[in-house]
Amino acid sequence: MSTSNNNSKSKTHGLWALTNRELKKWYKAPVVFVLTLIQPVLWLGLLGNALNISSLFSASSIQFPAELAAQFTPAQLSALGSFFSGLQNQIMGSTFGTTSYISFMAVGMMAFTALFTTMFSGMSVVWDRRLGFLNKVLSTPVSRAVIILSKVLSATLRSMFQAAVILLIALPLGFAFGAAFTPLNILGVFAMLFLVCLGLSSLFIAINIRSTRIETPMAVMNLLNLPLTFASSAFFPIKQMPAWLQAVANVNPISYTIDGMRQLLIFDSIDFAQLAVDFAFVGAFAAVLTTIGIVFSWRFLNK
Amino acid sequence: MSEDVIKAEGLTKIFNHNLVAVDHVNFSVKQGEIFGFLGPNGAGKTTTINMLITVLKPTEGRASILGYDIAKQNNDVRNAIGVVPQEYTADEDLTGYENILLCADLYGIPREVSKKRADELLALVELTAFKDKKVQTYSGGMRRRLELACGLVNRPKVLFLDEPTLGLDVQTRAATWNYVRMLKKEFGMTLFLTTHYLEEADALCDRIAIIDHGKIVVVGTPDELKESLGGDIITLSIKQDVDITGLVKKIERVKEVKKENGMYVVKSESGEVTAPLIIEALRKEGHVVTKLSLTKPTLNEVYLQYTGKSMRDAADESRESAFAQRAMMRRSHM
């Protein structure tokens with residue numbers, strides 16, 4: 001034990017070790033892992049079916065009042081019936097961009113889950129600080145940037161995985177890809193998710209690294225959660241919202257993420273101009289928040 | 001070799017521009033020494049250690065470890081030192097073996113080297129039989145040993161131990177002391193430790209610094225510190241009813257002689273050497289010593305003298321914080 005270690009190390013050594021340590025906590029704990037898989041099933045199964053908006057317009061739910069029906073011949077009635085039931089696809093298509101509400105919602109759920117997972121994963125840094133692990137790592141030659149990046153990366157990877165699970169679960173529940181879908185679009189979807197998770201987790205880690213109590217990030221999360229989720233197009237299209245809510249939803253990066261993902265997954269034709277705007281907005285959001293997050297965390301670690 | 005392995009000059013840490021945690025501290029630690037940092041809670045022990053291990057930046061002053069400046073060459077410092085923190089930092093969900101590999105990764109040690117080293121270290125701290133068990137099944141003593149093994153993974157020249165025996169039972173504490181002594185003896189390691197236990201500092205440390213209110217109040221070997229209080233106390237009585245004060249005062253090293261309740265109380269350095277001299281001198285004069293006792297001042301008295309506080313109060317506080325910490329670790333597991 002007399003020789004010291006002076007092996008030349010890359011600037012990023014320890015990045016995978018620290019990231020993997022975070023991920024292991026999750027995938028090596030069977031209960032936690034199974035629960036994280038069950039949760040989206042419940043969401044999609046319960047909310048997706050309870051709010052099954054497309055069924056509102058089905059032919060069977062259209063009953064003509066007797067006095068009205070008497071004025072038409074049976075042939076006219078059946079023509080009217082099929083007209084109204086045809087309205088279903090028309091209204092769904094023009095409102096949600098797809099005839100299947102579960103497809104619409106599943107994409108919203110993917111973004112929503114990514115948001116949730118980044119928030120929760122970021123909380124581990126509070127424990128690392130309280131339990132002395134952070135100080136221990138700070139006394140090793142791991143670079144400060146690597147410490148922050150490992151947190152961001154593990155939260156991002158975990159969120160992306162969760163989002164992928166949602167998509168897989170939505171398939172047997174009736175998820176329908178749009179006509180414009182090609183397997184290549186999946187790459188675009190994950191690029192989108194990667195960007196938004198990167199920005200969000202950087203922000204949360206900058207907040208959490210300063211908290212000595214787990215209650216602080218909890219409060220911040222609860223505050224941000226609701227507006228980020230419901231002032232977005234996750235469950236309902238923005239154009240159906242009142243003007244003031246639209247204003248909020250139009251600057252919400254989650255809306256752009258969801259729109260981008262819907263274009264790539266469920267819409268029958270891709271509006272490339274809008275897709276470019278989506279990517280630009282989410283990309284700028286990620287760049288700004290990652291920079292702010294890393295600078296703030298860095299400052300804290302170098303006090 | 002007697003060069004200074006750790007050298008602090010005017011080392012100062014001020015938090016939020018007004019809270020002076022460490023106030024112009026100067027000390028040096030020699031190669032192969034076990035140096036103990038003693039002090040009540042909030043005295044600045046942990047802040048000092050955190051500056052030395054490059055977790056905190058000094059506000060003023062400087063310190064170097066093996067000649068590397070802790071602020072300017074912090075990466076060299078980090079490669080050369082090992083840290084055994086006060087807390088149990090090992091990951092409960094990982095096995096002992098995996099934890100050591102994780103620590104090795106933080107030093108950029110290649111896998112083929114770190115696997116071999118993990119086995120060596122687990123053998124050293126006698127955890128080989130438990131290497132593939134998750135840390136959550138470990139006892140407190142086993143966790144401490146695992147922390148020690150993690151702290152040694154980069155083969156450090158200087159090892160920092162923050163409260164290494166806090167909350168351990170008597171046997172485990174004794175075992176920890178043996179590890180510390182072994183590290184010094186077998187590997188010539190320099191050890192810097194903070195402790196609340198005075199008997200531990202006394203038994204283990206070559207030199208001790210007592211820190212209070214961010215300032216070092218005294219530095220020295222345990223014996224020097226005890227002697228700085230004026231030496232040992234020899235209490236004796238003689239058969240004859242005569243005054244021997246003058247006679248005893250003439251004996252070498254005797255500083256003070258008082259008569260209290262028919263007993264003579266003699267203050268002297270190195271009492272164990274003085275006591276036989278006193279008996280001999282009195283016998284020559286025909287006096288017969290009937291009772292004699294020798295009391296060496298303990299570090300407790302030294303501590304009390306320099307900080308004005310009893311160590312027990314401070315230890316109680318820290319025990320509470322250790323309990324709180326354990327409760328938190330349980331919560332984190334959910």
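The chains referred to below are lettered A, B, ... by the order of the sequence lines, with proteins before strands, and numbering in each begins at 1. Side chains included, hydrogens not; waters and symmetry mates left out as well; all remaining heavy atoms used.
Between chain A and the residues B:Val77, B:Asp105, B:Val113, the most heavy-atom pairs under 4.5 angstrom are made by B:Asp105. The choice from B:Asp91, B:Asn74, B:Thr54 that makes the most heavy-atom pairs within less than 4.5 Å of chain A is B:Asp91. Of the residues considered (A:Ser124, A:Gly132, A:Ser143, A:Gly14), A:Gly132 shows the highest number of contacts with chain B, using heavy-atom pairs under 4.5 Å.
Smallest separation of non-hydrogen atoms from A:Val126 and A:Ser211: CG1-O, 3.8 Å. For A:Thr140 against B:Arg78, the heavy-atom pair with the smallest separation is O-CD, 3.1 Å.
For B:Leu94, the part sitting under 4.5 Å from any heavy atom of chain A is the side chain, from C-beta outward, and nothing else. B:Cys103 touches chain A through its side chain: at least one heavy atom from C-beta onward sits under 4.5 Å away, while N, CA, C and O do not. Using a 4.5 Å cut-off between heavy atoms, A:Leu301 contacts chain B through its backbone alone, with no side-chain atom that close. Proximity to chain B (any heavy atom under 4.5 Å) is shown, for A:Asn302, by both the backbone and the side chain. Residue B:Glu186 does not touch chain A at all, counting heavy-atom pairs closer than 4.5 Å. Using a 4.5 Å cut-off between heavy atoms, B:Asn50 contacts chain A through its side chain alone, with no backbone atom that close.
Residues passing the ring pair (Phe, Tyr, Trp, His ring centres under 6.0 Å) test with A:Phe204, sequence neighbours excluded: none. Every residue meeting the ring pair (Phe, Tyr, Trp, His ring centres under 6.0 Å) condition with B:Phe35, not counting sequence neighbours, appears here in chain and number order: B:Phe27, B:Phe192.
Surrounding CZ of A:Phe285 are more than 12 heavy atoms belonging to other residues, nucleotides or ligands, all under 6.0 Å away. By the neighbour-count criterion of 12 heavy atoms within 6.0 Å, atom CZ of B:Arg181 is densely surrounded, having more than that number from other residues, nucleotides or ligands.
Under the ring-ring contact (aromatic ring centres under 6.0 Å, His included) rule, A:Phe161 has a single partner from A:Trp26, A:Phe190, A:Tyr27, which is A:Trp26.
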